[in-house]
2 protein chains.
Amino acid sequence: MESGDRQEVFARERQQHIALSVEEHGRVRVTDLAERFAVSEVTIRKDLRVLETEGRVVRAHGGALAPSRSRAERAFEVRERLQRAEKERIGAAAAALVADGESIALDASTTALAMARHLKTRGGWVHLTVITNGLRIASELAGHRGITVALPGGFVRWEAMSVVGPLGGGLLEKVNIQKAFMGAAGFTLETGLSDATEEEAQLKRLIVAASSEVVALVDHTKWGRTAFATFCPTDRLTAVVTDEEAPAGMANALRQRRITVHVASGLEKTPSQSSRRSADSTALDMPS
Amino acid sequence: MESGDRQEVFARERQQHIALSVEEHGRVRVTDLAERFAVSEVTIRKDLRVLETEGRVVRAHGGALAPSRSRAERAFEVRERLQRAEKERIGAAAAALVADGESIALDASTTALAMARHLKTRGGWVHLTVITNGLRIASELAGHRGITVALPGGFVRWEAMSVVGPLGGGLLEKVNIQKAFMGAAGFTLETGLSDATEEEAQLKRLIVAASSEVVALVDHTKWGRTAFATFCPTDRLTAVVTDEEAPAGMANALRQRRITVHVASGLEKTPSQSSRRSADSTALDMPS
DNA sequence: CAACGAGATTGAAAGCAATCGGAACCTGTG
DNA sequence: CACAGGTTCCGATTGCTTTCAATCTCGTTG
C-alpha cells in the first residue's frame, strides 16, 4: 500500500482473491499468500479472520481450508462451538432435572441440543415426551426407547435449524408441558429471556404459555444482555441453569424472587449414576 | 497420499481425512494412519482424541471405529441403500418437473430425499416452497437460497424420520400445493399408492388433498405390490416417475388413463440446461 | 487551501498457543 | 506376565494474537 511498483490492491480485493484461491485449491497457506500479495503474514491472518466470519473459509494452523458443509450446517456448528464446555455442563445439569414420565419442551438452541444429548445418553426412559422446535434435537432424540418426540408445524429457519411461524400453533395449543427448557440470546432481570428474532420469540412464547414450569438455560455470556424480542418475563421462570461465571449479584436477586439457580460446575463427573435426585448438587449455593 | 513427497498438511485437514476414512471403512488403525500421513503414532492418537470429543469416531485399542449410529439412522440408511441407483435417477427426473415459483410437497421417502438433493444441486431458485414431512429432507434443503421449507406439526416417527399425526393438520389445511411428489411402499392400478402404516398414510392423504397434481415416485420394486394403507387412488395421479424395469403393461394402462409416465433411464445426463420443458425427455415413450 | 481528526490499513515486536515427536512410563489384552 | 498399544511430559518449532505506532484516506473546519 505504501509505495513501490505494485499496483494498488485494496484489502477487500485481496480477500476476494484469497477466497477464490481457497475455492479453487481447497486450501491455502499463510506464508504462500503473504509472498504472493507481498504483504506481511499478520495482514494475511487478518484477511483470513474476516473471511472466516463471513463463512467463506475455515481457518487452520498455518492457513485455511474450504468450508465443506452446507451453509446451514456451518452456521449451526459455529454457534455450537461457542462456550461448548459451558453448554455441555449446563446441558448435563438440566437433564438431571427431568424425571421419567414427564412432558418437556426444548427450544432450538445449541444448549438445549447439549441437554438432549444427555437425555439420550442417560437412557432408561419409560415414557418421556419431548416437544421441540429444533430439527437437530428432533433428529437426535428420535428412535430412542421410551422417548416420544413432537414438532410444531411451521417454516424452517435455517440459521437455527428451527421451526417457526404462526402455523405452528396447532400442536402447542393442544398439549400440556410440565417443564420448558429454553435457551436465549439475552437474559436480564428487567426484560427476562429474549431472542434475536421475533418469529423465534413468537414460537417460544407459545411454548412458555403451554408449560407449567420454565427453566432457562443460559451461559454467563447471556447474562445482562438484551436481544431483540422478549419471550419470557423473569417472574415466569421456575429455575435458571447457568455456569460458574455468571454474575453473583444477579443470581442472588433471582433467588430472592424464589427462582432456583443451578450452577453447573466443571467438577462434578457423574455420568452414569446421576439419578434425577442427586444431580442438582450445586444448586442453591453459589460461593462468594 | 501415502508417503514420500508429502506436502504440508494442516492438522485439521488430516483429521478430516481420518474422519472420512472412518466413515467409509468403519474402522482405522493407528499404525496405518501414521504411515499414510507420515506422522508419528502419537500425533495420530492426538487426532483421534480430538475426533472422539467431537463424536465423529469412537476410539479403541489400536485404532478407532465409526460411532454406532442410533437406531433411527441405521434404519434409514438401510432403506436408503435399496435401489439407490434407481432412486437417484427417479429423483433427478422428478426434480426436472419442478419450476421456479412453485409450491411443492415431498413426503418422507428416501426417493423424495434423492429428489431433494437434485433440487438443491440445481440451484438458481428465486422462490421455491417445499412442504415436507421428512426431517431429513427439511434439514437437507434448509438454508439454500430461494428455497423455503415448511413442516407440518406432529409426532416424529423414527423409522422414517417423518412427522405424522393428527396434530399436523393445521399447516396442510392452510396451504396450496401445486405438485405433490410422493413415494410409496406399494403401487397398483386398483389400490393406487399405499404405505405400510396408517399414520403415515393419514398425513399423506392430507398432502394429496391439498395438492393440484400428484406425482408418484415409485421404482419398479413397488409396482404390483399393495401395502397396508392406501393414501392416493390411481385416478388422482397426474404423473408417475419410475425406472426402466417397470412393467410395460401397467405403464401403458396408466397412459390410457391419461397419466404421464416418466421413465428415468440411466443414460440422460442433462444437469445444467434441463429446463422444465425439455427434461421429460423419456416421458411418454417407453421402449419394448 | 492548509490543518485537523476520525477511521482504516498495515506490520514490527513481544508473548502466547498449537503442533509434533521422542522418551519414560502406564495399561489393556491375550 | 509379555508386549503392543496408550498416556503423559517435555522441548523445539512454528504459527498465532495482541499491542502499538506509522501511514494513508477522507471529510470537516478555520
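Below, chains carry the letters A, B, ... as their sequence lines are ordered, and counting in each starts from 1.
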Just list the side-chain donor-acceptor pairs under 3.5 Å for residues 155-162 of chain A, sequence neighbours left out, or say none.
{"from": "R157(A)", "atom 1": "NH1", "to": "E200(A)", "atom 2": "OE1", "distance (Å)": "2.3"}
{"from": "S162(A)", "atom 1": "OG", "to": "E200(A)", "atom 2": "OE1", "distance (Å)": "3.0"}
{"from": "S162(A)", "atom 1": "OG", "to": "E200(A)", "atom 2": "OE2", "distance (Å)": "3.2"}

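- Within the structure, salt bridge (charged side-chain N to carboxylate O under 4.0 Å, His left out) contacts touching residues 139-149 of chain A (residues at least two apart or in different chains) are R117(A)-E140(A), K120(A)-E140(A).
- Checked against salt bridge (charged side-chain N to carboxylate O under 4.0 Å, His left out), R257(A) has the following partners two or more places apart in sequence or in another chain: D235(A).
- In the helix from dC1(C)-dG30(D) to dG30(C)-dC1(D), the end axes, each obtained as the rotation axis mapping the C1' atoms of four pairs onto the next four within a five-pair block, lie 30° apart to the nearest 10 degrees.
- Aromatic ring pairs are classed by plane angle as parallel below 30°, tilted from 30° to 60° and perpendicular above 60°; the pair W223(A) and F187(A) is perpendicular.
- For E13(A) and dT10(C), the CD to C1' distance is 16 Å, given to the nearest whole Å.
- Between D47(A) atom CG and dT9(C) atom P there is a gap of 10 Å when expressed in whole angstrom units.
- Remark: T43(B) is in phosphate contact with dG21(C), judged by side-chain N or O atoms under 4.0 Å from OP1 or OP2.
- Residues satisfying the side chain to side chain contact (heavy atoms under 4.5 Å, CB included) test with E41(B), not counting sequence neighbours, are V30(B), T31(B), A34(B), R45(B).
- R12(A) places its CZ atom 19 Å from the C1' atom of dT25(D), with the value rounded to the nearest Å.
- The side chain to side chain contact (heavy atoms under 4.5 Å, CB included) check on A116(A) picks up L106(A), I137(A), L141(A), with sequence neighbours excluded.
- Across the protein-nucleic acid pair, I44(A) atom CD1 and dT9(C) atom P stand 14 Å apart, rounded to whole Å.
- Every side chain to side chain contact (heavy atoms under 4.5 Å, CB included) that S21(A) has, sequence neighbours left out, goes to H25(A), V28(A), R36(A).
- Take T148(B) and apply the side chain to side chain donor-acceptor pair (under 3.5 Å) test, not counting sequence neighbours, and it matches no residue.
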So if I define the base as every atom that isn't primed, P, OP1 or OP2, how would nucleotides 8-22 of chain D read as a B/S/- string at a heavy-atom cutoff under 4.0 Å? S------SBBS----
